[in-house]
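This report refers to the structure that appears directly beneath it.
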Amino acid sequence: MKVTVSDIPVTQLSEARDAPQKNWWNSSSQQWNAFLREREAQVFLLLTLLIGAIVGMVVVAFILLTERFGARLYPAGGAAWRRLLVPVAGSALMGYLLYRFFPDARGSGVPQTKAALYARGGRIAIGTVIGKFFCTSATLASGIPLGREGPAVQVGAGIASVLGRKLGLSSERVKALIPVGAAAAIAAAFNTPLAAVLFALEEVVGDMHAPVLGSVVLASATSWAMLRLLLGNNPLFQVPQYQLVHPGEFAIYAVLGVAGGLVSAAFTKLLLWMRERFLQFPKKTVWFQPVAGGLTVGIMGWFVPQLLGVGYKHVGEVLNGGMALRLMILLLALKLVAVATSYASGNAGGIFGPSLFLGAMLGGIIGNVAHGLAPTYVATPGAYALVGMGAAFAGIVRAPITSVVMIFEITRDYAVIVPLMISNLVSFFISSRFQKQPIYEVLAQQDGIHLPSVETRQQLEQRQVIHAMRDAKEILSAEMTVQETLEKSKSSEFHAWPVSDERGVIGVISLQSLQRANSDGSANKKLKEIVDAEDFPHVHGDHPLHLALERMGASQLDLLPVVSRANVHHLEGMVTLQDVLALYGVGAKESD
């Protein structure tokens with residue numbers, strides 16, 4: 001019987017056409033996976049460069065979008081009704097979009113980035129990246145006085161996460177890309193590549209010695225290069241050269257640090273308290289809650305136009321001594337309330353920019369007062385506004401090292417370093433006294449996410465082998481035979497023992513190994529013939545306890561010798577499985 005093409009079902013024809021394509025795809029995927037297993041480190045390095053370039057371009061688009069739309073929606077000298085209507089309408093529209101389509105794009109972005117790193121396996125969805133970019137752009141363009149840098153961190157980390165997962169990188173590699181994307185975002189947003197590296201390590205990772213340091217530096221430099229290529233190498237603020245007029249100014253900078261710490265604590269407490277109240281409202285009101293922030297900003301902006309937007313233009317005025325004292329006091333008070341309300345009510349935006357604004361106003365106020373009282377001994381108010389920015393950033397964000405380097409990079413003036421260090425340290429100390437937990441940790445907790453705190457990391461660092469170590473009272477001689485050792489083991493409380501000769505410890509042997517050697521006819525062999533003196537299981541006193549557990553498991557031993565780093569044969573003590581568990585509160589520690 002002759003069969004024509006028309007007699008073959010359409011589905012079979014479709015499957016026949018699709019089969020080669022499917023096989024080609026599977027084959028390509030398998031080849032890529034094989035290549036990735038062999039060259040994952042090289043792929044990671046190239047991906048770091050790509051992330052830096054893409055994030056740099058995206059942040060540049062972010063900057064242009066927010067600034068140009070803002071200039072059109074509420075132009076300088078425009079009608080007062082615009083300053084009221086635009087923030088309200090913008091917050092209402094973004095509130096609905098955030099509630100309906102992009103729930104993970106709400107808020108700053110830094111807590112969400114840390115949550116992705118520590119709680120979600122490095123996963124940030126592409127929808128969240130898109131939503132964060134456009135919702136934050138529209139929110140800031142409508143005059144809501146939040147910052148763009150925090151959202152840029154989440155966008156950058158999200159781009160890194162999406163690319164890493166699409167390329168099939170391992171979960172650990174994807175997680176390692178989160179600080180890479182975050183650093184690239186900060187480098188482009190602030191034009192501060194070094195501060196971006198420090199922020200990614202100090203705040204996002206929480207470890208200044210993180211193994212991703214090289215990749216973070218590379219991405220930051222690449223992103224900064226894209227910013228310079230597209231927008232030029234202009235600093236965020238144009239400031240005059242700083243000069244220390246009199247050594248007595250250091251005392252004034254210390255006072256500025258105290259004031260910065262108090263303002264930082266007040267702002268943090270107000271924001272967290274208000275957000276907790278908003279979270280208690282019924283879920284059906286979530287889409288409408290951001291209007292509370294928009295309405296607050298609109299009413300204030302009706303009378304004080306300088307309040308709208310992040311306000312970097314007005315920060316520049318303060319830094320150059322172009323703002324009156326009364327206006328600075330007014331803006332400090334109003335901005336603190338407006339930012340806290342806008343963020344707490346659920347608008348998309350960060351607190352980086354607002355913290356710099358608050359610090360500049362506070363520093364300008366103190367500088368004006370001090371300069372007025374002793375003009376020949378005190379620098380211009382702009383210098384204090386500059387240091388005040390760092391003090392507020394250190395007190396609110398709790399990243400003092402990043403703060404010092406960031407302000408230094410913004411001004412490119414090394415003379416400002418010492419006053420910055422004084423004010424930042426004092427502000428950080430005062431703020432942490434009144435507000436124990438950093439703001440990002442509490443924000444994450446309010447969302448049900450428990451990030452590793454500083455105390456947790458310190459506890460992990462403190463749980464070292466030396467804290468579980470005991471004296472090595474039972475040491476076997478390398479000259480003993482297997483049979484002699486078995487006889488001696490009958491009166492021992494342990495199941496493994498260090499073995500030593502004239503050099504010191506040369507190994508560790510277990511009861512099970514002795515019994516196996518005895519049954520194999522090696523009863524008369526000496527212990528030095530059984531143990532490996534060059535490569536034996538051991539730990540050092542500064543090793544973390546989890547490493548001791550891993551080595552116990554790998555060597556099938558419940559006891560390990562603790563040796564010196566200067567001489568591996570120098571026995572300092574020993575650690576047992578029971579001792580480690582007892583330090584964690586599981587079981588009882590054996591008596592020494």
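Not measured: the values here are computed from a predicted model. Sequential numbering from 1 along the given sequence is applied to the chain's residues.
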Pairwise side-chain contact, [X] with [Y], heavy-atom cut-off 4.5 Å (strictly under):
X	Y	value
Y99	R106	yes
R277	M274	no
V405	T192	no
L47	L169	yes
L163	I54	yes
I407	L386	yes
L443	R275	yes
H314	F357	yes

What verdict does the side-chain contact (heavy atoms from CB on, under 4.5 Å) test give for L358 and M361, after you've listed the backbone C-alpha separation in whole Å, the side-chain angles of each residue and the deciding distance to 0.1 Å?
CA-CA 5 Å; L358 294 173; M361 297 302 150; 6.0 Å; no
Inspect the contact between R398 and E203 and indicate whether a charged nitrogen and a carboxylate oxygen are less than 4.0 angstrom apart.
no
Please give me the minimum heavy-atom distance between [X] and [Y], naming the atom from each residue.
X	Y	value
A189	V59	N-CG1, 3.6 Å
V297	S342	CG2-OG, 3.4 Å
L97	C135	CB-SG, 4.2 Å
G293	S345	N-OG, 3.5 Å
G56	S223	CA-OG, 3.3 Å
L84	G298	CD1-C, 3.6 Å

Polar side-chain atom of [X] near backbone of [Y] as donor-acceptor pair, under 3.5 Å:
X	Y	result
K175	G121	no
S355	A392	no
Y343	L146	no
S142	T139	yes
S432	F428	yes
Q306	L331	no
S403	A399	no
S161	I124	yes
S91	V88	yes
Q154	K132	no

Please report the C-alpha distance between D104 and Q112 in whole Å, then the side-chain angles of each, then the deciding distance to 0.1 Å, and finally whether the side-chain contact (heavy atoms from CB on, under 4.5 Å) criterion is met.
CA-CA 8 Å; D104 292 331; Q112 293 84 348; 5.8 Å; no
Look up atom [atom1] in [X] and atom [atom2] in [Y], then write down how far apart they are to the nearest 0.5 Å.
X	Y	atom1	atom2	answer
L98	L93	CG	CG	9.5 Å
F267	I439	CZ	CD1	5.5 Å
L218	I51	CG	CD1	10.5 Å
I351	L356	CD1	CG	10.5 Å
M323	M328	CE	CE	7.0 Å
Q289	N347	CD	CG	10.5 Å

Show the numbers, then the answer: is there a ring-ring contact (aromatic ring centres under 6.0 Å, His included) between F281 and F278?
CA-CA 6 Å; F281 290 137; F278 274 105; 5.8 Å; yes
From CA spacing to verdict: side-chain contact (heavy atoms from CB on, under 4.5 Å), R173, L177:
CA-CA 6 Å; R173 289 287 190 180; L177 286 174; 5.9 Å; no
State, without any angle test, whether Q435 and S431 hold a side-chain donor-acceptor pair at a distance under 3.5 Å.
no
Counting heavy atoms not belonging to Y312, are there more than 12 under 6.0 Å from its OH?
yes
ring-ring contact (aromatic ring centres under 6.0 Å, His included) between F199 and F352, intermediate numbers included:
CA-CA 12 Å; F199 177 81; F352 273 34; 5.1 Å; yes
In terms of relative ring orientation, are F393 and F190 parallel, tilted or perpendicular, with 30° and 60° separating the classes?
perpendicular
